[in-house]
Amino acid sequence: MAGRFYDEWRVGDRVVHQPSRTVTETDNLLFSTMTHNVQPLHLDAEAARASEFGQILVNSTFTFSLAVGLSIADTTLGTLVANLGFDKVTTPHPTFLGDTLTCSSEVVEMRPSRSRPGQGIVVFRHEMTNQRGECALSMLRTVLLHGSQG
């Protein structure tokens, strides 16, 4: 399914994105090293084992990026003008290697653009839940979308 145009959304619309994604050690290792995040909890199995978590934690910015990526096809693919911002990012439960994450998106706010006729602003709440039903990440993403005639 391609993304929707501004006037195809309504506040309260909710999508559960598929497929879900199982996080691998390679995902965490590559993302952490690519972004120069040398936090031992992400890269050092012995340090992570000695922590209160007892195992490697997945880099939370990977979880954030994965949520955006999983949501794109159903929300903004082909209809996006620009991402305007990300707000209220929280990680209530850690993500561990082997966790399977599912992203859902809900429209929580929308309004026509004052400066761009035929376009509109949509605020999505993206949530990532793991296979245990725990919320691994929640955030607001504000986007500018084309109208269906745009």
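Note on I72: it clusters hydrophobically with M128, by side-chain heavy-atom contacts below 4.5 Å among ILVMFWY residues. In terms of hydrophobic clustering, with Ile, Leu, Val, Met, Phe, Trp and Tyr side chains grouped at heavy-atom distances under 4.5 Å, V68 and V123 are assigned to different clusters. One hydrophobic cluster, built from ILVMFWY side chains closer than 4.5 Å, holds both L70 and F31. Linking Ile, Leu, Val, Met, Phe, Trp and Tyr residues whenever their side-chain heavy atoms come within less than 4.5 Å places V107 and Y6 in a single cluster. L101 and L97 fall within the same hydrophobic cluster, where Ile, Leu, Val, Met, Phe, Trp and Tyr residues are linked whenever their side-chain heavy atoms come under 4.5 Å apart, directly or through other members.
Note: L29 CG to F62 CZ = 11.5 Å, rounded to the nearest 0.5 Å. Taking CG of N83 as the start and OG1 of T76 as the end, the distance is 6.5 Å to the nearest 0.5 Å. Of the inter-residue distances, the one linking F5 atom CZ with L80 atom CG reads 11.5 Å to the nearest 0.5 angstrom. Atoms CG and CG, on L145 and D7 in that order, are 9.5 Å from each other to the nearest 0.5 Å. Here OG1 of T79 is found 7.5 Å from NE2 of H146. Values are rounded to the nearest 0.5 Å. The OG1 atom of T75 sits 6.0 Å away from atom CH2 of W9, with the distance rounded to the nearest 0.5 Å.
Sorted by first and then second residue, the side chain to side chain donor-acceptor pair (under 3.5 Å) pairs involving residues 30-45 (not counting sequence neighbours) are S32-N59. Judged as a salt bridge (Lys or Arg N to Asp or Glu O under 4.0 Å), the pairs with a partner in residues 127-142 (not counting sequence neighbours) are, in order, D99-R132, R132-E134. The stretch residues 22-42 participates, sequence neighbours left out, in these salt bridge (Lys or Arg N to Asp or Glu O under 4.0 Å) pairs: R21-D27. Listed by first and then second residue, the salt bridge (Lys or Arg N to Asp or Glu O under 4.0 Å) pairs involving residues 83-97 amount to none (not counting sequence neighbours). Within the structure, side chain to side chain donor-acceptor pair (under 3.5 Å) pairs that include any residue of residues 107-117 comprise R116-Q119 (at least two apart or interchain).
For the side chain to side chain contact (heavy atoms under 4.5 Å, CB included) test, residues two or more places apart in sequence or in another chain that qualify with P92 are T90, C135. For V89, the side chain to side chain contact (heavy atoms under 4.5 Å, CB included) partners are F64, L137, M139, not counting sequence neighbours. Every residue meeting the side chain to side chain donor-acceptor pair (under 3.5 Å) condition with S20, not counting sequence neighbours, appears here in chain and number order: T102. Under the salt bridge (charged side-chain N to carboxylate O under 4.0 Å, His left out) criterion, D13 pairs with R4, sequence neighbours left out. For S104, the side chain to side chain donor-acceptor pair (under 3.5 Å) criterion is met by R14, not counting sequence neighbours.
Shown here for E106 and G12, the closest heavy-atom pair between the two residues is OE2-CA, 4.0 Å. Of all heavy-atom pairs between G98 and Q131, the closest is O-NE2, 4.4 Å.
Considering only heavy atoms from C-beta on, I56 stays 4.5 Å or farther from L41 through its side chain. Proximity of S105 to R125: side-chain heavy atoms (C-beta onward) are nowhere separated by under 4.5 Å. Residues T129 and H93 are not in side-chain contact: their nearest non-hydrogen atoms beyond the backbone lie 4.5 Å or more apart. In this structure the side chain of T91 never reaches within 4.5 angstrom of the side chain of T63, judged on heavy atoms.
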Extract all donor-acceptor atom pairs below 3.5 Å that involve side chains of residues 45-52 and protein atoms in other chains or at least two apart in sequence.
from: E46; atom 1: OE2; to: R49; atom 2: NH2; distance (Å): 2.7
from: S51; atom 1: OG; to: A48; atom 2: O; distance (Å): 2.6
from: S51; atom 1: OG; to: F53; atom 2: N; distance (Å): 3.1

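Apart from L84 itself, the hydrophobic cluster it occupies contains V81, I121, L144, where clustering links Ile, Leu, Val, Met, Phe, Trp and Tyr at side-chain heavy-atom distances under 4.5 Å.
A donor and an acceptor atom, one from each side chain of S71 and H17, are nowhere located under 3.5 Å apart.
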